[in-house]
Amino acid sequence: METLQQFFDTFMQAWQQADLVFLVVFGLLFLVVWFLPSLLALALNRQHAAKIALLNIPAGFSWIAWVALVVWAVTGKLGDKLAEKASLKPVA
């Protein structure tokens, strides 16, 4: 427990000494990572981009849900292509 408290104290000291540029860059990188499924959906899965973007906000609190959204965003067109090859209708 003492080691955890030391880590927390060290982290808080470093955070308080951080300059504005670091905080802005950290904030931007944090947002990019948080909304990565939405960004990927815009590029790779436009059909479901709105649904992915809507689910992205609460999914950021859960790594499992966030990873599932990344997979959905990346594999959207792939699923339609596989369905085409198998002569199936794409899922709407």
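The structure displayed is predicted, hence computed values, not measured ones.
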Task: Heavy-atom closest contact (Ser38 atom, Asn56 atom, distance) - done: OG-OD1, 2.8 Å
- [ ] Check whether Phe61 and Ile57 end up in the same hydrophobic cluster, where Ile, Leu, Val, Met, Phe, Trp and Tyr are linked by side-chain heavy atoms less than 4.5 Å apart.
- [x] yes
Open item on the list: Measuring from atom CG of Leu4 to atom CD of Gln6, what distance do you get when rounded to the nearest 0.5 angstrom?
Closed with: 10.0 Å
TODO: Starting at CG of Leu54, measure out to NZ of Lys51 and round the result to the nearest 0.5 Å.
DONE: 10.5 Å
- [ ] State the OG1-NE2 distance between Thr75 and His48, to the nearest 0.5 angstrom.
- [x] 9.0 Å
Open item on the list: Quick check: closest heavy atoms across Ala73 and Ala41, and the distance to 0.1 Å?
Closed with: CB-N, 3.7 Å
Could you tabulate the donor-acceptor pairs under 3.5 Å formed by side-chain atoms of residues 13-37, not counting sequence neighbours?
unit_1	atom_1	unit_2	atom_2	d
Asp19	OD1	Phe22	N	3.3

Task: Residue pair Leu44 / Val74: nearest heavy atoms and the distance that separates them - done: CD1-CA, 4.0 Å
